[in-house]
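Worth saying up front: this structure is predicted, and the values here are computed from it rather than measured. Just so we're on the same page: letters track the sequence lines, and every chain starts at 1.
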Number of protein chains: 2
Amino acid sequence: MLSDTPMRMTKQRKVILERLRSVTSHPTADEMYEMVRQDLPKISLGTVYRNLELMSEEGVVLKIDVGGSKKRFDGNTSTHYHLRCLNCGRVDDLHMEPVKGVEAEAAILSGYQVMTHSLEVRGLCPACGKKNTKSN
Amino acid sequence: MLSDTPMRMTKQRKVILERLRSVTSHPTADEMYEMVRQDLPKISLGTVYRNLELMSEEGVVLKIDVGGSKKRFDGNTSTHYHLRCLNCGRVDDLHMEPVKGVEAEAAILSGYQVMTHSLEVRGLCPACGKKNTKSN
DNA sequence: GTCGTTGCAAACGGTTTGCACCGTC
DNA sequence: GACGGTGCAAACCGTTTGCAACGAC
């Protein structure tokens, strides 16, 4: 998983990581781009993509590639589940114990060499749920 | 969820549904396009997309929008989990009991109005796992 | 005959990539 | 100074959409 040559610590990389770790939301690449531009106005979107991708490969950040067209990123790399609002697209952490044994059970049932699992609960976030009840 | 005016049963729609139900794999839209073209050589990719989207809204088929860049479709609409191979991208059914209580627990913890949940186990499928062990 | 559906092609949106220059090690 | 990283812009690829013709009801 870790590459042979270590990543150079450029200021772009540093700011991206700091910014991502400073929020509890799960920004998309272009949301990260907007955040990082406050410190580095000349950074390019390509650099943001490259670094988020690279750091997720290194296990420094988590790529949330689950539902929806845009990928999202998370500074918290420990296994945890997510909630996604079907109306506004927002993603929250689900503070729940990871289900025990799924990976082992899946490996036995399928013959896969299991590496991780993810669980996503979908519905309406409190804000969107409220709106919806009113209009219906 | 169901629309007011019923869907017209065009031959395109019929063939797409038949083909999807006849396989146990989880085809992408363009794989469906190739399959359907055997019966309807003049069908367009746009029609395939439109119908898969429409039928998934109607609950006739299942859209698997979880991980990976392409969406996949499933003729089996009952709640079930999936396995995804990180090497070849193939998706298999995970024949496992859905985890009880996740949705209720998530609703309580988060205040979301929960509608569904999905779980995806990722790793290497038996074929890719074998190749990988040899080369490493 | 109406109006939902189709085929076509062009547009879209998120992401990736080639390239010449730049800055970390 | 080497070589990995950057900014920029163009390319990519899956998907969506506008439109005129078509066909299910």
If I take atom [atom1] in residue [X] and atom [atom2] in nucleotide [N], what distance separates them, rounded to the nearest angstrom?
X	N	atom1	atom2	value
B:N51	D:dT17	CG	C1'	15 Å
A:E57	D:dG5	CD	P	12 Å
B:R37	C:dC8	CZ	P	10 Å
A:M32	C:dG14	CE	C1'	16 Å
A:Y33	C:dG14	OH	P	14 Å
A:E31	C:dT15	CD	P	11 Å
B:K42	D:dA21	NZ	P	15 Å
A:R72	C:dG14	CZ	P	11 Å

Under a 4.5 Å cut-off applied to non-hydrogen side-chain atoms, are [X] and [Y] in contact?
X	Y	value
A:D74	A:V61	no
A:L20	A:M32	yes
B:T79	B:T116	no

Discussion item. I'd like to know whether B:D92 forms a salt bridge (charged side-chain N to carboxylate O under 4.0 Å, His left out) with B:R90, so could you lay out the CA-CA distance, the side-chain angles of the two residues, the decisive distance to 0.1 Å, and finally the verdict.
Written reply: CA-CA 7 Å; B:D92 288 299; B:R90 116 181 206 199; 2.8 Å; yes
Practice prompt. Could you please name the option among D:dT15, C:dG14, D:dT6 that lies closest to any side-chain atom of A:K70?
Written response: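 That would be C:dG14.
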Worksheet item: Counting side-chain heavy atoms from CB outward, which of C:dG7, C:dT16, D:dT15 is closest to B:K71?
Response: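 Output: D:dT15.
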Fill in: Hydrophobic cluster (4.5 angstrom, side-chain heavy atoms) - remaining members for B:I108
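Traced through the cluster, B:I108 reaches no other member.
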Worksheet item: When you match A:G46 and B:L45 each to their closest nucleotide on DNA chain D, which lands nearer the 5' end?
Response: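 On the 5' side of the pair lies A:G46.
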Worksheet item: Do the rings of B:H80 and B:H26 sit parallel, tilted or perpendicular, given the 30° and 60° boundaries?
Response: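 Aromatic pair B:H80/B:H26 classed tilted.
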Fill in: B:Y81-B:D93 side chain donor-acceptor pair, cut-off 3.5 Å
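Short answer, no.
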Worksheet entry | Stepwise side-chain contact (heavy atoms from CB on, under 4.5 Å) check, A:R19 with A:Q38 | CA-CA 10 Å; A:R19 286 274 175 175; A:Q38 295 173 14; 3.3 Å; yes
Worksheet item: When you match A:E53 and B:L40 each to their closest nucleotide on DNA chain C, which lands nearer the 5' end?
Response: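 Its nucleotide being nearer the 5' end, the pick is B:L40.
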Discussion item. Walk along nucleotides 19-25 of chain C from 5' to 3' and tag each nucleotide B, S or - by protein heavy-atom contact under 4.0 Å, base first, then sugar-phosphate.
Written reply: ----BBS
Discussion item. By the 4.0 Å heavy-atom rule, please label B:D30 as base, sugar-phosphate, or nothing.
Written reply: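 It contacts nothing in the nucleic acid.
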Item to complete: Give a yes or no on this: more than 12 heavy atoms of other residues, nucleotides or ligands lie within 6.0 Å of atom CE of A:M9.
Response: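 More than 12 heavy atoms, drawn from other residues, nucleotides or ligands, come within 6.0 Å of this atom.
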Is the shortest side-chain N/O distance from [X] to OP1 or OP2 of [N] below 4.0 Å?
X	N	answer
A:Q12	D:dG7	yes
A:Y49	C:dT15	yes
B:T47	C:dG7	yes

Discussion item. Between A:E53 and A:K63, does the salt bridge (charged side-chain N to carboxylate O under 4.0 Å, His left out) criterion hold? Intermediate values first, please.
Written reply: CA-CA 8 Å; A:E53 182 61 33; A:K63 180 167 36 165; 2.9 Å; yes
Item to complete: Kindly calculate the angle separating the two end axes of the helix from C:dG1-D:dC25 to C:dC25-D:dG1, each obtained from five base pairs, and round it to 10 degrees.
Response: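 End axes: 40° apart.
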